[in-house]
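What follows is a short report on a single structure.
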Amino acid sequence: VVSTQSTGAQAARRAMLSLSNMNPCVKEMQYAVRGPIVIRAAQLEQQLKKGTELPFEQVIRANIGDAHAMGQKPISFVREVISLSAAPHLIKTASTLFSNDAIARAEEILGVVNSIGAYTESPGISAVRGHVAEYISKRDGYPSNPDDIFIGTGASSCIKNIMKLCLTMDEDKFVSFKKVLRELGPEYDDLPLASFHSVSKGYMGECGLRGGYCEMTNFDPEVRTMLLKLISAQLCSSTSGQIAISCMVKPPTGDAAELYKTETEAVLESLKDRSIMVHEKLNEIPGIVCNPLQGAMYAFPRIEIPKKAIELAESRGQTPDFLYCLELLEHTGICVVPGSGFWQVPGTFHFRMTILPPKEQLVVFLDKLAKFHVEFRERYG
């Protein structure tokens with residue numbers, strides 16, 4: 001005799017979500033930037049903290065473009081505006097601690113939203129969208145409409161929303177450079193275009209604030225309505241991220257302008273120096289070729305992997321550049337991302353690294369990489 005209670009328990013167990021009955025798309029999904037190698041890097045960091053003896057003294061994380069985590073300093077104007085917006089009571093006594101530019105921007109934002117803890121309009125704060133449209137118009141020399149601007153929680157969320165609309169769209173009809181489009185002539189005036197920007201990279205580096213925008217140009221008004229419906233279901237993006245966007249696209253022009261210029265130029269000059277150094281040093285290593293870094297904070301060098309290493313990786317069910325990156329981590333403490341996570345050309349092997357670590361750390365990184373690469377080729381040659 002089987003009790004009702006026992007039968008109910010068995011039914012409950014059968015109804016439980018498990019690996020066998022969960023969404024297969026989630027199981028198949030891979031994100032190399034924070035994948036197994038990065039997880040292993042975190043384990044090695046914990047071992048070092050416990051005093052475990054390893055072939056290296058520190059893990060050098062060059063896997064992700066997280067500028068502030070690598071030591072880049074935030075822009076003062078951005079943090080001042082966000083601070084005042086988060087704590088409006090400080091505005092009354094802020095003149096001795098904060099710039100007038102920051103006070104004015106915070107008051108402008110708070111004139112539209114009562115609190116940064118409240119929901120905003122789904123496409124983004126109207127004033128911020130206006131700032132973005134002004135920025136684009138000034139940058140490109142062609143008008144931009146605030147109604148074509150949609151703000152998201154980082155550029156990645158904006159891209160995902162557009163991709164949801166474009167799943168059946170002809171790939172040849174997708175362009176990402178507005179100024180180029182406008183200069184092509186009137187025959188292209190109806191070509192759909194979506195362009196994106198983010199506060200996460202460049203001199204801002206505000207990855208954690210999660211602010212990005214999308215401008216839709218020449219999209220069918222009915223399609224734009226569908227996008228608005230899509231993002232309305234997500235309520236709104238991070239308010240602090242939206243404020244950061246305002247600071248990025250509309251820099252200060254008063255008493256905060258000089259410091260803003262000094263800070264941003266220092267960051268950009270440092271990034272330029274590091275990009276040149278990384279490009280030159282990578283190309284000095286036999287078996288590694290890297291294109292010049294043109295505006296990105298990443299390098300994507302192509303690496304030669306010996307046949308024996310390729311066969312070993314395949315026997316383990318790994319890609320050859322995964323094997324390379326894993327051994328690089330275990331031998332040197334350097335954490336990079338396999339190129340196979342970025343749909344590289346079949347038969348080629350790469351890794352992606354960021355240039356964001358401090359220059360002195362990058363020097364150590366490149367020296368260790370050069371030594372490892374020579375030893376790796378000898379080991380499997």
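Sequence positions, counted from 1, serve as the residue numbers for this chain.
In this structure a side-chain-to-backbone donor-acceptor pair under 3.5 Å is present from Thr225 to Pro221. Side-chain atoms of Thr52 never come within 3.5 Å of backbone atoms of Leu48 as a donor-acceptor pair (strictly under, hydrogens ignored). No donor-acceptor pair under 3.5 Å is formed between the side chain of Glu134 and the backbone N or O of Lys250. No donor-acceptor distance shorter than 3.5 angstrom exists from the side chain of Gln47 to the backbone of Leu54, with no hydrogens or angles considered. A donor-acceptor pair under 3.5 Å is absent between the side-chain atoms of Ser246 and the main chain of Val128, judged by distance alone. With His373 contributing its side chain and Pro286 its backbone, the two residues share a donor-acceptor pair below 3.5 Å. For Ser122 (side chain) and Leu235 (main-chain N/O), a donor-acceptor pair under 3.5 Å exists by modelled atom type. Here the side chain of Asp101 pairs a donor or acceptor atom with the backbone of Asp255 at under 3.5 angstrom. Under a 3.5 Å cut-off, the side chain of Arg61 and the backbone N or O of Pro357 do not form any donor-acceptor pair. Side-chain N or O atoms of Ser270 include none that pairs as donor or acceptor with a backbone N or O of Val267 at under 3.5 Å.
For the pair Arg379 and Glu327, the salt-bridge criterion is met [side-chain N within less than 4.0 Å of a carboxylate O]. Here Glu263 does not pair with Lys73 in a salt bridge; the nearest charged N to carboxylate O distance is not below 4.0 Å. Contact check on Arg129 versus Asp148 returns no salt bridge, with no Lys/Arg side-chain nitrogen under 4.0 Å from an Asp/Glu carboxylate oxygen.
Atoms CG and CG, on Leu356 and Leu271 in that order, are 6.5 Å from each other to the nearest 0.5 Å. Between atom NZ of residue Lys49 and atom CG of residue Leu44 there is a gap of 12.5 Å, rounded to the nearest 0.5 Å. Between the OG atom of Ser144 and the CD1 atom of Ile149 there is a distance of 4.0 Å, given to the nearest 0.5 Å. Taking OG1 from Thr348 and CD from Glu304, the interatomic distance works out to 12.0 Å, rounded to the nearest 0.5 Å. Ile75 contributes atom CD1, which lies 13.0 Å from atom NZ of Lys261 (distance to the nearest 0.5 angstrom). The structure places CE of Met70 at 9.5 Å from CD1 of Ile60, a figure rounded to the nearest 0.5 Å.
In the hydrophobic cluster analysis, where Ile, Leu, Val, Met, Phe, Trp and Tyr join through side-chain heavy atoms closer than 4.5 angstrom, Ile305 is grouped apart from Val374. Leu84 and Ile245 are assigned to two separate hydrophobic clusters, defined by single-linkage of ILVMFWY side chains at heavy-atom distances under 4.5 Å. Cluster membership check: Val289 does not share its hydrophobic cluster with Phe351, using side-chain heavy-atom separations under 4.5 Å among Ile, Leu, Val, Met, Phe, Trp and Tyr. At a threshold of 4.5 Å between side-chain heavy atoms, the hydrophobic network of Ile, Leu, Val, Met, Phe, Trp and Tyr places Ile91 and Val113 in two separate groups. Leu282 and Phe376 fall within the same hydrophobic cluster, defined by Ile, Leu, Val, Met, Phe, Trp and Tyr side-chain heavy atoms under 4.5 Å apart, directly or through other members.
Using a 4.5 Å cut-off on side-chain heavy atoms (C-beta onward), His350 and Phe342 make no contact. Between Thr217 and Pro192 there is no side-chain heavy-atom pair separated by less than 4.5 Å. When side chains are defined from C-beta on, Leu369 counts as touching Leu328, because their heavy atoms get closer than 4.5 Å. The shortest side-chain heavy-atom distance between Pro36 and Arg40 does not fall under the 4.5 Å cut-off. By the 4.5 Å heavy-atom criterion applied to side chains, Met216 and Cys214 are counted as neighbours. Between Leu323 and Leu312 there is a side-chain heavy-atom pair separated by less than 4.5 Å. Looking at Phe219 and Leu227, their side chains never come closer than 4.5 Å, going by heavy atoms from C-beta outward. Pro55 has its side chain out of reach of His331: every pair of non-hydrogen atoms, C-beta onward, lies at least 4.5 Å apart.
Looking at every heavy atom in both residues, Leu230 comes nearest to Asn161 through CD2-OD1, 3.6 Å. Heavy atoms only, all atoms of each residue included: Ala62 and Val336 are closest at CB-CG1, 4.3 Å. The nearest pair of heavy atoms linking Val278 to Ala299 is CG1-CB, 4.1 Å. Closest heavy-atom contact between Pro338 and Ile37: CG-CD1, 3.7 Å. In this structure, Thr239 and Ala118 approach most closely via the heavy-atom pair OG1-O, 3.6 Å. For the residue pair Val112 and Ser126, the shortest heavy atom distance occurs at CG1-OG, 3.7 Å.
Defined by atom type and a distance below 3.5 Å, a donor-acceptor pair is missing between the side-chain atoms of Arg79 and Ser83. Checking Tyr324 against Gln318 by side-chain atom types alone, no donor-acceptor pair falls below 3.5 Å. Side-chain atoms of Glu215 and Asn145 form no donor-acceptor pair, as typed in the model, at a separation below 3.5 Å. Judged by distance alone, the side chains of Ser237 and Arg210 never bring a donor and an acceptor atom under 3.5 Å apart. Remark: the Glu206 side chain and the Ser200 side chain contain no N/O donor-acceptor pair separated by less than 3.5 Å. A side-chain donor from one of Asp321 and Thr319 sits under 3.5 Å from a side-chain acceptor of the other. Between the side chains of His131 and Gln242, no donor-acceptor pair of N or O atoms lies under 3.5 Å.
For the pair Arg352 and Tyr298, the distance from NZ or CZ to the six-membered ring centre is under 6.0 Å and the angle to the ring normal is within 45 degrees.
Tyr260 and Phe77 have perpendicular rings, their planes meeting at more than 60° on a 0 to 90° scale where under 30° would count as parallel.
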Assess whether side chain to side chain contact (heavy atoms under 4.5 Å, CB included) is satisfied between Gln361 and Gln58, documenting all intermediate values.
CA-CA 10 Å; Gln361 199 174 74; Gln58 66 172 332; 3.4 Å; yes

Show the numbers, then the answer: is there a side chain to side chain contact (heavy atoms under 4.5 Å, CB included) between Ile159 and Phe196?
CA-CA 8 Å; Ile159 293 170; Phe196 308 89; 3.7 Å; yes

Between Val78 and Ile243, does the side chain to side chain contact (heavy atoms under 4.5 Å, CB included) criterion hold? Intermediate values first, please.
CA-CA 8 Å; Val78 178; Ile243 295 171; over 6 Å; no

Carefully, step by step, assess Ser195 and His197 under the rule side chain to side chain contact (heavy atoms under 4.5 Å, CB included).
CA-CA 7 Å; Ser195 56; His197 201 354; over 6 Å; no

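When the side-chain hydrogen bond (donor to acceptor under 3.5 Å, both in side chains) test is applied to Asp220, no partner is found at least two apart in sequence or on another chain.
Around the CD atom of Glu258, the shell of radius 6.0 Å holds no more than 12 heavy atoms that belong to other residues, nucleotides or ligands.
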